[in-house]
Amino acid sequence: GLWISRTLEVVRAGYTAFGGACPSDHRALWVDLTTISVLGHRPPRLLKPVSQRLHSRDPRIWRRYCDQVTARYSQSHIPTRLKQLKQLRGLYLQQPGDADLTPLIALHQDIHETTRTIRHETARKIRKVRRGEVPWSPRLQRFRDEIELWTRVVKQHEGHATSRTIIRRMAKRCDKVTEISNFTPAMATEALKQAHGRYKAAKADSSLWRHEHLTGLADALADSQQNTSRSREIRKMLTVEEQRRQGRAAC
């Protein structure tokens, strides 16, 4: 049992499942107490941590981010507009008293807002945040993509609203371009059922595929950085993975 002071206000109490708090064959006790009865005051609210999609730990992510930002800069004619800004600045420096600053300020503001929007949108779409119970890996993601593809195809046959662009994009990613154009509604429903079955069977290897994915990430970090090694990065990643697993179990 748990022995506490009578002055503490208990909200709830109970037991966790076997191995719920830590990997063992025991059940942990828990108790929920009011903050005021424990600390004597109400502390400020803690902000919930937000997982950053873009970070510098994975060189593959920031390289892809830089390539996409550079490509979108070219599509928005940012280099040309920067040359125009430089020319306007030169004209102003030649005649600081007579030149009009309005075009210079407007162009600078437009370039600033465009580049900021491009950077934020690219960072938001650069990767998905994985917080599920099943260990994520690129190999497992293919099975999930097939489920989403056939789910959208079935919805389309049933007359529900869905994006044809996303269907074409996912069909190309899953190598199912021919199938989605030739399958009947019944065939699409059967394909969705088979996709769920393949995903269920693939989940048995999800931990192994996750380890392979982390190993590849460690190799990329070791190749891009001089002050680390492959074994060190693997140990750090496995430690973080274990902390995440225990955190999910405790919740």
Side-chain angles (χ1 to χ4, degrees), residues 16-28 49-65 67-68 123-154 166-167 169-177 179-180 188 190-251:
T16 64
F18 287 100
C22 62
S24 68
D25 57 348
H26 297 280
R27 301 180 65 179
V50 178
S51 179
Q52 298 294 330
R53 298 175 184 267
L54 176 64
H55 55 79
S56 59
R57 288 283 302 161
D58 190 345
R60 297 169 297 184
I61 291 180
W62 58 256
R63 284 170 185 162
R64 187 164 67 248
Y65 169 80
D67 293 340
Q68 293 181 10
R124 181 171 53 86
K125 299 178 181 179
I126 198 66
R127 71 181 180 97
K128 291 184 178 180
V129 179
R130 314 292 178 179
R131 291 190 293 264
E133 182 180 356
V134 180
W136 181 87
S137 65
R139 294 181 63 180
L140 185 66
Q141 183 61 34
R142 180 179 177 84
F143 295 93
R144 295 178 175 177
D145 289 341
E146 289 190 13
I147 292 176
E148 183 177 356
L149 169 64
W150 291 117
T151 301
R152 289 182 176 272
V153 172
V154 170
I166 296 179
I167 290 179
R169 185 186 306 154
M170 299 198 67
K172 185 177 180 181
R173 186 189 307 169
C174 300
D175 297 329
K176 303 289 184 182
V177 178
E179 288 84 342
I180 64 170
E190 181 63 24
L192 176 60
K193 182 179 179 181
Q194 294 178 3
H196 278 287
R198 287 191 295 268
Y199 174 70
K200 184 177 180 180
K203 285 198 299 184
D205 298 326
S206 60
S207 298
L208 175 62
W209 293 347
R210 176 66 178 176
H211 189 272
E212 292 176 353
H213 171 63
L214 294 179
T215 303
L217 176 57
D219 291 337
L221 288 172
D223 294 339
S224 63
Q225 300 179 8
Q226 301 295 331
N227 59 346
T228 187
S229 63
R230 178 175 180 270
S231 58
R232 179 185 177 186
E233 292 298 329
I234 290 178
R235 287 196 305 269
K236 290 165 60 178
M237 292 177 187
L238 292 180
T239 301
V240 173
E241 287 291 302
E242 182 62 20
Q243 291 174 349
R244 288 175 177 172
R245 189 194 66 79
Q246 292 184 1
R248 285 194 295 266
C251 293

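This is a predicted model, so every value here is computed, not measured.
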Visitor: Does E190 have any salt bridge (Lys or Arg N to Asp or Glu O under 4.0 Å) partners at least two apart in sequence or in another chain, and if so, which?
Guide: none
Visitor: Identify, with sequence neighbours excluded, every residue that meets side-chain contact (heavy atoms from CB on, under 4.5 Å) alongside H26.
Guide: S24
Visitor: Could you list the residues that satisfy salt bridge (Lys or Arg N to Asp or Glu O under 4.0 Å) with R173, not counting sequence neighbours?
Guide: D145
Visitor: Measuring only between side-chain heavy atoms, which start at C-beta, is W150 closer than 4.5 Å to H196?
Guide: no
Visitor: Is it the case that more than 12 heavy atoms not belonging to H211 sit under 6.0 Å from its NE2 atom?
Guide: no
Visitor: Between the main-chain N or O of A28 and the side-chain N or O of T16, is there a donor-acceptor pair closer than 3.5 Å?
Guide: yes
Visitor: Quick one: list whatever passes side-chain hydrogen bond (donor to acceptor under 3.5 Å, both in side chains) with R27, sequence neighbours left out.
Guide: none
Visitor: Please identify each residue that fulfils side-chain hydrogen bond (donor to acceptor under 3.5 Å, both in side chains) with Y199, with sequence neighbours left out.
Guide: R144
Visitor: Starting from the C-alpha separation in whole Å, work towards a yes-or-no answer on side chain to side chain contact (heavy atoms under 4.5 Å, CB included) for R152 and I180.
Guide: CA-CA 10 Å; R152 289 182 176 272; I180 64 170; over 6 Å; no
Visitor: Taking only residues two or more places apart in sequence, or in another chain, which ones meet R139 in a salt bridge (Lys or Arg N to Asp or Glu O under 4.0 Å)?
Guide: E212
Visitor: Rounded to the nearest 0.5 Å, what separates atom CD in E148 from atom CG in L192?
Guide: 11.5 Å
Visitor: Apply side-chain contact (heavy atoms from CB on, under 4.5 Å) to K172 and list each qualifying residue two or more places apart in sequence or on a separate chain.
Guide: V177
Visitor: Using the test side-chain contact (heavy atoms from CB on, under 4.5 Å), find all partners of A202 that sit at least two apart in sequence or belong to another chain.
Guide: L140, F143, W209
Visitor: Show the nearest heavy-atom pair for residues A220 and P59, with the distance to one decimal.
Guide: O-CG, 3.6 Å
Visitor: The test is side chain to side chain contact (heavy atoms under 4.5 Å, CB included); show your working for V134 and R210 and say whether it passes.
Guide: CA-CA 10 Å; V134 180; R210 176 66 178 176; over 6 Å; no
Visitor: Going by the rule side-chain contact (heavy atoms from CB on, under 4.5 Å), which residues pair with D67 if we only count those two or more places apart in sequence or in a different chain?
Guide: none
Visitor: So, using salt bridge (Lys or Arg N to Asp or Glu O under 4.0 Å) as the criterion, who are the partners of K203 when residues are at least two apart?
Guide: none
Visitor: By side-chain hydrogen bond (donor to acceptor under 3.5 Å, both in side chains), which residues pair with R198, not counting sequence neighbours?
Guide: E146
